[in-house]
A.B. asks: 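A single structure is presented below for examination.
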Amino acid sequence: MLSTLSLNIYKNAAKACTSVTKYTHSTFMTPLFTRQFHQNHLLSNEQGSTLKHGPETIKAVNTLRDQLRYYAIAEIAGRPFLVTKNDVVVVDHMKEVELGDVLKLNRIRELGSKDYTIQGKPYVASDFYSVRATVIEQPKGKQIEIIKKKRRKGYQRRLTHRQPYTVLRISEVEVNKLE
């Protein structure tokens with residue numbers, strides 16, 4: 001039962017359904033970003049790219065493509081981030097990447113502009129967009145001090161820690177033209 005339920009969840013997550021919303025007033029979102037470097041192959045958007053898209057979907061994507069600027073809500077390291085081209089995003093340390101690596105972000109929840117939005121359920125199909133990020137730095141955060149003490153036992157310890165981060169620059173946010 002559990003394996004069947006899990007399989008149904010994976011199948012539903014792999015479907016690339018979209019909807020388009022026309023904004024009547026200017027809507028702004030807080031800056032968010034997402035990491036998709038690690039992903040389960042069953043939840044990959046690559047499965048959605050083999051689907052045939054209907055004429056309404058093609059028209060919606062091409063209408064969005066005619067806009068001047070785009071944003072994307074992407075998952076990076078399991079967290080959503082709102083990104084545009086040339087944004088700098090600080091995420092938790094990614095062990096698998098090195099300086100200068102270019103990452104293709106394929107877990108995009110939403111694509112949009114000032115007037116139009118394409119929302120994925122849960123993700124937008126990967127043939128609708130091209131979002132890339134470049135690793136520009138892997139710094140450490142400020143040093144914090146942890147003090148451990150047990151009263152009346154003479155036990156005292158001072159520990160220090162510097163949290164590592166990865167800094168990404170969003171080098172490309174494009175909406176592809178569908179035929």
Side-chain angles (χ1 to χ4, degrees), residues 10 12-23 27-138 165-179:
Y10 288 138
N12 290 338
K15 291 180 181 176
C17 301
T18 60
S19 62
V20 175
T21 305
K22 170 95 168 126
Y23 290 128
T27 306
F28 295 99
M29 298 181 180
T30 57
L32 299 174
F33 207 108
T34 312
R35 173 190 174 194
Q36 112 215 359
F37 193 75
H38 281 301
Q39 76 176 12
N40 188 333
H41 69 282
L42 294 174
L43 294 176
S44 174
N45 284 340
E46 299 305 321
Q47 294 172 349
S49 65
T50 60
L51 298 174
K52 297 290 182 186
H53 302 294
E56 286 184 11
T57 304
I58 293 173
K59 182 180 176 186
V61 172
N62 290 336
T63 302
L64 176 63
R65 190 173 190 279
D66 294 337
Q67 300 293 306
L68 294 176
R69 296 183 181 176
Y70 314 114
Y71 72 87
I73 297 180
E75 281 187 20
I76 301 174
R79 295 183 181 170
F81 292 92
L82 187 142
V83 297
T84 59
K85 188 174 180 178
N86 294 326
D87 279 355
V88 175
V89 180
V90 179
V91 297
D92 290 335
H93 183 67
M94 301 164 111
K95 294 180 182 178
E96 305 84 15
V97 299
E98 296 179 9
L99 294 179
D101 284 354
V102 176
L103 305 177
K104 180 181 177 186
L105 303 177
N106 62 4
R107 287 194 170 205
I108 304 297
R109 292 182 180 181
E110 183 176 310
L111 280 173
S113 67
K114 183 179 177 184
D115 297 324
Y116 296 98
T117 298
I118 295 177
Q119 295 176 339
K121 295 181 181 178
Y123 301 111
V124 178
S126 62
D127 54 343
F128 291 176
Y129 61 85
S130 175
V131 179
R132 298 189 190 282
T134 305
V135 178
I136 58 173
E137 194 176 357
Q138 290 191 329
Y165 295 101
T166 298
V167 179
L168 303 173
R169 178 172 302 277
I170 305 304
S171 55
E172 178 184 357
V173 176
E174 293 295 327
V175 176
N176 297 336
K177 184 171 179 87
L178 294 181
E179 300 293 329

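Heavy-atom basis, side chains included; hydrogens, waters and symmetry copies ignored.
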A.B. asks: Of the non-hydrogen atoms in Gln67 and Asp115, which two are nearest, and what is the gap between them?
C.D. replies: OE1-OD2, 3.4 Å

A.B. asks: Mind running side-chain contact (heavy atoms from CB on, under 4.5 Å) on Thr166 and Val91 for me, showing each step along the way?
C.D. replies: CA-CA 5 Å; Thr166 298; Val91 297; 4.0 Å; yes

A.B. asks: Quick one: are Val135 and Val167 in side-chain contact, heavy atoms under 4.5 Å?
C.D. replies: no

A.B. asks: Can you tell me how far apart OG1 (Thr57) and CG (Asn62) are? Round to the nearest 0.5 Å.
C.D. replies: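 Reported value, rounded in 0.5 Å steps: 10.5 Å.
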
A.B. asks: Decide side-chain contact (heavy atoms from CB on, under 4.5 Å) for Val61 and Val175; before the verdict, give the C-alpha distance in whole Å, the side-chain angles of both, and the deciding distance to 0.1 Å.
C.D. replies: CA-CA 7 Å; Val61 172; Val175 176; 3.7 Å; yes

A.B. asks: If we only count heavy atoms from C-beta on, is the Tyr129 to Glu174 side-chain gap below 4.5 Å?
C.D. replies: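 Contact flag for Tyr129/Glu174 side chains = no.
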
A.B. asks: Establish, from distance only, whether the side-chain atoms of Tyr165 and Glu137 form a donor-acceptor pair under 3.5 Å.
C.D. replies: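 Distance-only check fails for Tyr165 and Glu137.
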
A.B. asks: Looking at every heavy atom in both Ile108 and Ala72, which two are closest together, and how far apart are they?
C.D. replies: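 For Ile108 and Ala72, the tightest heavy-atom pair comes out as CG2-CB, 4.1 Å.
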
A.B. asks: Measure the spacing between CG of Leu111 and CZ of Phe128 and express it to the nearest 0.5 Å.
C.D. replies: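 The CG atom of Leu111 sits 9.0 Å away from the CZ atom of Phe128.
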
A.B. asks: So how far is it from Lys85 NZ to Glu172 CD, rounded to the nearest 0.5 Å?
C.D. replies: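 Taking NZ in Lys85 and CD in Glu172, the distance rounds to 7.5 Å.
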
A.B. asks: How long is the gap from CE on Met94 to CG on Leu168, to the nearest 0.5 Å?
C.D. replies: 5.5 Å

A.B. asks: Is the backbone of Arg65 close enough, under 3.5 Å, to the side chain of Tyr70 for a donor and an acceptor to pair up by distance?
C.D. replies: yes

A.B. asks: In chain order, what residues pass the side-chain contact (heavy atoms from CB on, under 4.5 Å) check against Asn176, with sequence neighbours excluded?
C.D. replies: Ser130

A.B. asks: Any donor-acceptor pair under 3.5 Å linking the side chain of Ser113 with the backbone of Leu64?
C.D. replies: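 A pair under 3.5 Å: no.
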
A.B. asks: Search all heavy atoms of Ile136 against all heavy atoms of Val88 and return the closest pair with its distance.
C.D. replies: CD1-CG1, 4.4 Å

A.B. asks: Could you tell me the separation between the CD1 atom of Ile73 and the CD atom of Glu110, rounded to the nearest 0.5 Å?
C.D. replies: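 Between atom CD1 of Ile73 and atom CD of Glu110 there are 4.0 Å.
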
A.B. asks: Shortest non-hydrogen contact from Ala133 to Ile170?
C.D. replies: CB-CD1, 3.8 Å

A.B. asks: Taking it one step at a time, do Val97 and Gln138 satisfy side-chain contact (heavy atoms from CB on, under 4.5 Å)?
C.D. replies: CA-CA 9 Å; Val97 299; Gln138 290 191 329; 3.3 Å; yes

A.B. asks: Could you give the distance from CZ (Arg169) to CG (Asn86), rounded to the nearest 0.5 Å?
C.D. replies: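 One finds 6.0 Å between CZ of Arg169 and CG of Asn86.
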
A.B. asks: For the residue pair Lys114 and Leu68, establish whether any side-chain heavy-atom pair is separated by less than 4.5 Å.
C.D. replies: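 Not touching, per the 4.5 Å side-chain cut-off.
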
